[in-house]
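The block underneath contains the structure these notes are about, expressed in structure tokens.
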Amino acid sequence: MSDSAAGEDAPLIEVRDLERIYHQGEVEVRALRGINLKVERGEFTALAGPSGSGKTTLLNMIGCLDDPSSGEVRIEGERVSGMSRTQAAEYRLGHIGFVFQAYNLIPVLTAWENAEFVLLMQGVSREERHAILDPLFERVGLAEYKDRKPHEMSGGQQQRVAVVRALGSRPRIVLADEPTANLDSATSASLLDLMLELNRERGVTFVFSTHDEMVIERARRVIRLDSGRVVADERDEGA
Amino acid sequence: MIVRLALRNLLRNRWRSVLTSGGVALAVAMMIWTVSFLDGWMGAMVRGSTALDSLQVQIERADYVEEPVIYRSFAMTPQGLERLQGEAGVEAVSARVRLFGLLGDEQRSQVAQILGVDPQLEAQATPVEEAVVQGRWLSEQDIVDGPGEVVLGDRLARQLKAEVGDELVVFLEAADGSLGNDVFEVVGVVRTGTTIIDRQAAYVHLERARYLGALEGQVHEVVIGAADLSQAPALAQRLSPVIEEIVNDQEMAVRPWQEVLPSIAEMVELTGSSNAVMYLIIYLVASLGIMNTQRMSALERRREFGVLMAIGVSPRRLFWIVVLETVVLGVMGALLGVLLGAGLSLYHASAGLDLSIFSPQTSFSYMGVSFDERIYTAVELRTIVEPAVVMVVVSLLCGLWPATQSARVAIAPAISGRS
Ligand SMILES: Nc1ncnc2c1ncn2[C@@H]1O[C@H](COP(=O)(O)OP(=O)(O)O)[C@@H](O)[C@H]1O
Ligand SMILES: [Mg+2]
């Protein structure tokens, strides 16, 4: 009871004193050096920074894909760092959608099956799956591509299927790690616009990383990282 | 969906899947064929070695088993034989008097086993009539006056230089201690392939032998023909109380062929354990193949597994996805192997396998039994199902390790392509 009350008041994502040190043999790589930040519901936030600044590492921590060396991540007030692999998988299934830079989709499954997979694991009925996914495919302009395998689609189309899959599970948060890195600028722009529109329409919180200034321009909030530290946190006042 | 995923993944790497399940199929087929070949061969050997002499179950007086002395006989009536014949599992019955005596003419003589038999029953219970190479088998009725009929084993005939139509004399010590003698005319010669019969046997009519040995109404043994070789011990056990009722004044021994011919039984058992060794070797090779394939494909798909787990597939579920894939591979291979192995075995079960390609002789002899050049495989459901089922289990086991490895993949580096 008190937990859920706390969940209501707490920020959607809260990162506290987060550190992540990678050990590569003798060498210690301090990928994150004490990150503190909060993301509220419905935000459309970019993590910006040069390559190696720690964007992927940070997103992995938020998405429960990896554990911090110290500090913690809370989602809706609930500590998600340090869960078992099985607990984390369950948590992700229910709460977080992912879009990765590339190789998002299972190559042997069609676009539809890729999107459906998560819903099947959630135990959603066939009718409901259609009720959820049909409009999404329509929305991203891939209604005709449901039966295609990933290799039969362009990179932009594949990323859009990944967005459908991420949103299909009806998550609180969609985390996207350089979703446009492998796309040309026109395709990048349209993918970003699509994500932004879905963010507005559905109120889903997006956190994505990029080092592309053109993409950063479209974000309403930009958190800049450098060498594992937050160096700037700017909000677009107009939005 | 998970099954679909497994199937599609196997199809994705068609060549590797075909190669692996082909290897599995080959192993299963090899196993099926070898087991049915050995079963066939062992069956033929047991049949061959029991066909003429002991048959599948042999009934004697217990003390006759210890030492076959002529007076250790027991009374047996046609009714008694009929009763035995009526028991389940009994295919044929023959009662014999077995006399050891000297057989010959003025020039030469030989120690022989005079087997007093009912010609019809003996011919039903054994392939002796088909083994006649000269003359004919004993007639149904004995000639009461004049010389009796005798059918000789071919080697015995050769040593006596006896031909069909020749007369031979028998001398022996009868059951009452008196000297028994009689005159017989050779009516036929048999070549059975069973050494002891070919060297020593002289078949005569039962009543004539009884008279000769002073054994009115008596026999030394009743032999039982049974279809199922492996069930002979059980049959012997079932017949034991029956024979006790029929012959109530003697302690009787009812022995399956496994007891009469322990060396043959050992041979069969040895083959069974050599099967186990073969299983081990063939399946070990196959399982290394499967394991390698699955390990390789699991390594190649680290990124994919990372993504699967990221979107919420639990490690346990991923584990089963990989295991399932391996099992599907094993099942496909096993089915193919069953088709191949059973097909070939069934073919060799009807056409036989020509062994003369291995040896120049037209027939060969093994443990006192001669085989013709063809061996027929014995195909049983068990012989087919067992190797397939074992292979499926093996493939499941082979999937465990790659599956465990896959479920342990660290998600973040897998997705970013770091190793
Ligand atoms: N698994 C790892 N092992 C060792 N070093 C790593 C690993 N992942 C990331 N790093 C290092 O951590 C730093 C941050 O990496 P990353 O989070 O991938 O940055 P970005 O996504 O901003 O390019 C880099 O120096 C990178 O080399
Ligand atoms: Mg990165």
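Letters A, B, ... are given to chains in the order of the sequence lines, protein chains preceding strands, and every chain is numbered from 1. Computed from heavy atoms alone, side chains included, the values below leave out hydrogens, waters and symmetry copies.
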query = In terms of heavy-atom proximity below 4.5 Å to chain B, should Tyr91(A) be classed as side chain, backbone, both, or neither?
reply = neither
message = Under 4.5 Å from any heavy atom of chain A, what part of Arg303(B) do you find: side chain, backbone, both or neither?
response = side chain
salt_bridge(Glu300(B), Arg295(B)) N-O dist < 4.0 Å = no
Contact class of Arg317(B) relative to chain A, heavy atoms under 4.5 angstrom = side chain
inquiry  = Parallel, tilted or perpendicular: which one describes the rings of His348(B) and Trp33(B), with boundaries at 30° and 60°?
reply    = perpendicular
request  = Would you mind checking if Arg139(A) and Glu201(A) are paired as a salt bridge, meaning a charged N to carboxylate O distance below 4.0 Å?
outcome  = yes
query = For Asn104(A), is it the side chain, the backbone, both or neither that has a heavy atom under 4.5 Å from a heavy atom of chain B?
reply = backbone
Atom group of Thr56(A) that falls short of 4.5 Å from chain B, counting heavy atoms = neither
key: CZ/Arg408(B): more than 12 non-hydrogen atoms of other groups inside 6.0 Å   = no
remark   = Honestly, the part of Ile415(B) sitting under 4.5 Å from a heavy atom of chain A is side chain
ask   = Which of the residues Pro107(A), Ala102(A), Gly63(A) is involved in the greatest number of heavy-atom pairs with chain B at under 4.5 angstrom?
value = Pro107(A)
task = Over all heavy atoms of both residues, which pair between Gly156(A) and Leu183(A) is shortest? Give the atoms and the distance, please.
result = N-CD2, 3.5 Å
ask   = Would Trp112(A) and Tyr145(A) count as a close aromatic pair, with their ring centres under 6.0 Å?
value = no
query = Heavy-atom distance under 4.5 Å to chain B: side chain of Leu109(A), backbone, both or neither?
reply = both
task = Sort Gln101(A) into side chain, backbone, both or neither according to what part of it lies under 4.5 angstrom from a heavy atom of chain B.
result = neither
ask   = Using 30° and 60° as the class limits, which term best fits the ring planes of Phe37(B) and Trp41(B): parallel, tilted or perpendicular?
value = tilted
